[in-house]
Amino acid sequence: MTQPPTRIADTFHTLADNIERVLKGKRDTIELALTCLLSEGHLLIEDVPGTGKTTLARCLAASIEAEFARVQFTPDLLPSDITGVTVYRQNTGVFEFLPGPVFANIVLGDEINRASPKTQSALLEVMEERRVTADGTTHPVPRPFMVVATQNSVDMGGTYPLPEAQLDRFLMRITVGYPDHASEVAVLKDLKERNADPESLTPVTTAKEIAELIALAATEVQVADALYDYIVRVVAATRALPDVRLGASTRGSVALLRAVRVRAASQSRPYAFPEDVKALAGPVLAHRLILTPEAELSGRTGTEVIDEVLATVPLDRGARV
Amino acid sequence: MSTTRTRTLTSLLAVAALSVSAGYGFARVFPPSDLLPVLAVAAFAPLVLSAVLSGRLRLREGRTPLPLWPSALLTVVVWAVVVSATLFREVSGGLPGGPALRAAWSALLDAPHGLLSTILPAPGEPELLVLPHALVWAATAVSAELALRTRAPLLPALPAVFVFGVALVLGADGPGTAYPAAGALAAATALLVLLRSRARLPLRATALRLPAVGALGLVAALLGPHLPGLGTPYDLHETATRADRRPQSVSPLDLLAAWMRNGDEKLFTVRTSGATPGNYRLAVLDRYDGTTWSSGAGLTRTGGRVPEDPEERRGAKTLQQHVTVQSLPGIWLPAADRPSSVGAPEGTSLSVDPDSGVLSTGAALPAGFTYTATSRLPSYDAERLRYASAAHDPARLALPAVDAAGQPIASVRSFRKIAERVTRGSTQPYERAVRLADWLRASYRLDPAALPGHTYRSLEFFLAGGGGGTSEQFAASFAVLARTLGLPTRVAVGFGPGTRTGSGAWQVRGRDVLAWPEVRFAGVGWVPFQPTPGESARGASAAVSPAKPEERQRAKERESTAPTRPSTPSHTRDEATGGASGSRPLPVWLTAPLALLLLATAYVLYALWLPYRRRRRRRNAPDARRRVLGAWQQITERLTEIGLPDTGAHTAQEVAAFGVEHMGGTADQRLPALATLVNEVAYADRSPDPATADAAWADCAAVETTVRARVPRRTRLLRLLKHVWRRPSV
């Protein structure tokens with residue numbers, strides 16, 4: 001039988017290779033998205049238009065044999081349009097709950113910041129507790145469950161910035177960025193062969209296997225006490241910086257740990273080490289920080305703050321002699 | 001008996017040893033014969049009390065001891081009972097009672113000041129002994145309770161160390177040394193730790209370190225007293241307000257004429273042994289108001305020791321004197337020169353003037369009063385005296401120059417003229433003093449029947465040739481004339497050796513009374529002169545030897561053949577001579593730079609030694625895992641010398657990448673592999689074998705060699721000095 005980290009790594013790289021067939025030159029971004037998937041977290045993709053945010057989400061869904069739903073967030077979208085609605089059936093005389101698109105394994109929330117705050121808030125419960133409560137009845141969503149949201153970082157007119165509570169529920173925030181020259185040429189060539197369509201991808205794994213791998217990553221990867229200590233010190237350091245009005249929460253520590261375990265497993269490593277923390281602290285923690293107005297005016301970003309923290313927080317002294 | 005209880009109870013033995021050792025630190029404060037009985041009681045009684053009251057003797061292992069408060073309460077009560085029944089038994093007939101307790105409490109409060117204002121060793125009086133009694137008792141009780149109720153190996157030693165510290169401070173001025181007590185205290189502390197420590201002491205490490213610690217202690221003990229500023233310990237006695245008693249007695253100089261007139265009156269007898277007896281000094285008068293010479297002595301209580309004058313050099317000749325007073329008015333006790341110790345019957349309150357060394361009882365001397373004194377007679381180096389400058393002592397130069405009405409006293413000017421005329425041509429202070437004495441002796445006659453008095457007018461009359469004088473006028477004239485020349489002078493009053501009455505026994509009568517002046521020279525101390533005719537012919541006193549005619553002649557001959565040295569201001573010469581004599585502390589301007597230099601040297605040595613020790617500790621770590629991590633830390637520290645930020649925030653792979661980028665060579669293969677090993681050891685609990693650890697250290701040595709070749713030695717040294725107190729963060 002394959003060792004758990006190796007099994008995770010095999011599936012991880014198979015998925016990454018599959019997605020990379022469409023989304024070229026973005027291996028790091030794809031791996032971050034897969035890390036988020038296997039950490040059973042939610043992903044926020046933020047970038048300028050046309051960089052492949054939605055494509056990444058669709059490729060992810062297409063590579064897994066799982067239920068996929070897409071919600072185009074618009075200002076007139078209602079909460080019930082996402083979570084579902086209870087209707088009265090005259091023929092049977094009972095109320096029946098009609099599940100919304102959120103009842104899927106992978107939910108793509110496109111342009112999430114275009115919906116009203118009330119509608120955005122409809123996702124709060126399901127993202128954290130993986131269930132929907134309607135008319136006093138709780139309806140669990142299928143596992144694994146992942147919300148992949150996209151938002152445009154320019155053209156902010158008519159948008160509603162995500163509230164802090166909702167941002168905190170995203171395990172990662174990533175950007176896709178422009179591809180390099182060779183990758184962009186390859187994208188153009190693939191248009192002729194119709195290979196650029198995410199629908200052309202065939203699933204390489206199932207939702208059931210993903211659920212198993214999530215459980216394996218959480219239990220089979222060793223984390224030393226020194227690394228727990230390092231994670232906590234990194235997160236705590238974000239709360240003590242003068243440029244930060246609100247640092248990362250404990251949910252941030254938990255998210256970082258889950259992602260660190262998956263990264264170790266994706267490299268067939270049965271243990272995690274500080275390099276994992278350093279590689280993931282930016283995507284996992286940066287969007288959870290609220291900077292001071294002065295810092296924002298001076299152009300500071302959460303990612304810069306995290307880089308500064310990582311450059312100054314010493315590794316655990318327990319490993320010293 | 002279980003191991004734990006055995007350990008606890010045996011550690012009480014170490015506590016007893018600690019208390020006795022700490023208490024023996026008071027051996028510089030009290031005579032050991034008085035101190036030891038006190039220690040025996042104070043070090044063992046509370047120990048037994050605590051052992052019994054803690055319940056450790058009867059309780060089984062694991063049971064909690066009895067409460068502390070009964071033990072603490074009874075310790076205080078029993079101390080009060082014991083101290084009433086022993087030290088203060090005479091107050092209330094040996095029974096504890098209000099008067100005895102009040103006396104003990106009052107004595108306890110007064111004892112510190114009493115000890116600080118007494119010349120040590122202090123007399124073994126209950127009022128003073130109560131202090132070590134209480135301190136040792138309390139320290140023993142606290143130590144015993146800590147030993148019985150805690151597991152800390154070293155904590156029970158702290159009270160004893162505190163007591164020893166108090167003893168050190170109080171005994172700073174005392175005779176002898178504190179080394180035996182300190183050594184015993186260190187040994188007892190080691191015994192305590194050995195008995196109570198639960199950690200197994202590695203035999204090899206202990207065998208190696210103990211001699212090193214011993215050698216360090218020896219070096220510290222030998223070098224410590226010679227280090228600038230440490231040679232003379234801080235002495236609270238110098239800052240304490242002494243209960244000086246100014247002598248309220250008729251000046252012996254005023255009695256001189258009366259004694260001479262009643263020449264046959266028996267004053268005292270002396271039984272001597274050792275050196276030949278010379279003059280006995282009774283009192284020293286160093287203040288002159290134009291009418292009377294009086295004593296400025298501040299009498300301080302003593303247990304028998306007379307502090308030495310640090311400037312004076314004592315010879316090897318010792319004179320023991322057993323004096324029996326027959327009829328000696330006043331409060332002063334005669335003794336040869338400056339005595340080194342004095343002993344009197346129990347109950348006598350002996351005082352000494354630390355400045356002059358004269359003795360007193362503070363009360364009139366009854367007939368038949370006996371006492372003993374030991375004097376080490378001074379020896380003077382004629383060559384040193386010849387060029388000695390006058391000491392800087394403004395108080396002993398003072399002469400009243402105006403009268404009560406504020407008018408200048410003409411006598412002073414005439415005295416100065418006489419002195420300058422007599423000493424014209426002489427350049428050295430000693431030669432001037434000798435010429436003065438010679439001139440007085442040659443120009444005036446001794447008249448035992450001369451009128452007493454040493455006022456300005458009496459001295460003017462005497463110097464004008466208006467008849468002879470007694471040694472009172474000769475000494476007083478010399479002193480006044482010498483002071484006008486800038487020579488610090490005082491008048492001593494005493495007696496000649498007397499008449500021999502048997503083997504070692506001498507009878508001193510009134511006719512033996514004598515006054516003589518003494519001049520203070522820098523680096524030499526007080527030197528007596530004999531300006532009185534006939535007195536030097538007695539030749540009985542070693543103290544006056546420098547002024548003997550034959551020696552003066554030799555001095556003159558030497559002066560005539562030696563180049564003339566310029567007469568320099570006395571202040572400068574004082575310091576120079578004092579420094580050369582080695583008896584004065586180093587001046588501040590020299591001490592401070594020396595201390596700084598010493599500190600800087602110690603700092604540099606420590607900075608050089610610290611990396612060596614750190615590397616050695618890492619390399620010799622007990623297991624291969626720690627050795628691998630140690631090698632990596634060593635590599636990381638070295639890489640900071642070539643630019644790796646010293647933040648401690650770099651992961652192993654980042655460090656390896658930095659090394660590969662900046663070093664090249666074999667680092668390309670070695671460092672990444674070693675970084676992986678380090679990650680596995682630190683975060684995956686991998687246990688490497690010793691060969692792997694050796695390989696890691698080989699890689700480390702290669703990195704160190706490369707870095708050493710790249711970084712200039714000066715840069716490395718500066719870095720070491722800069723970061724010596726900084727814990728490595730990498």
Restricting to non-hydrogen atoms, name the atom on B/A682 and the atom on A/A224 that form the minimum distance, rounded to 0.1 Å. O-CB, 4.2 Å
Of all the heavy-atom pairs spanning B/A649 and A/A311, show the shortest one and how long it is. CB-O, 3.4 Å
Heavy atom to heavy atom, less than 4.5 Å: which residues from residues 287-300 of chain A reach chain B? none
Does any backbone or side-chain atom of B/E680 lie under 4.5 Å from a heavy atom of chain A? Answer side chain, backbone, both or neither. both
Residues of residues 30-39 of chain A near chain B, each having a heavy atom less than 4.5 Å away: none
Flag side-chain contact, heavy atom, 4.5 Å: A/Y271 against B/N679: yes
Atom CD of B/Q653 and atom CZ of A/F273: how far apart are they, to the nearest 0.5 Å? 4.0 Å
For B/H650 and A/L315 the tightest heavy-atom approach is O-CD1, 3.1 Å
Minimal heavy-atom distance between A/E275 and B/E654, with the atoms involved, is OE2-N, 4.2 Å
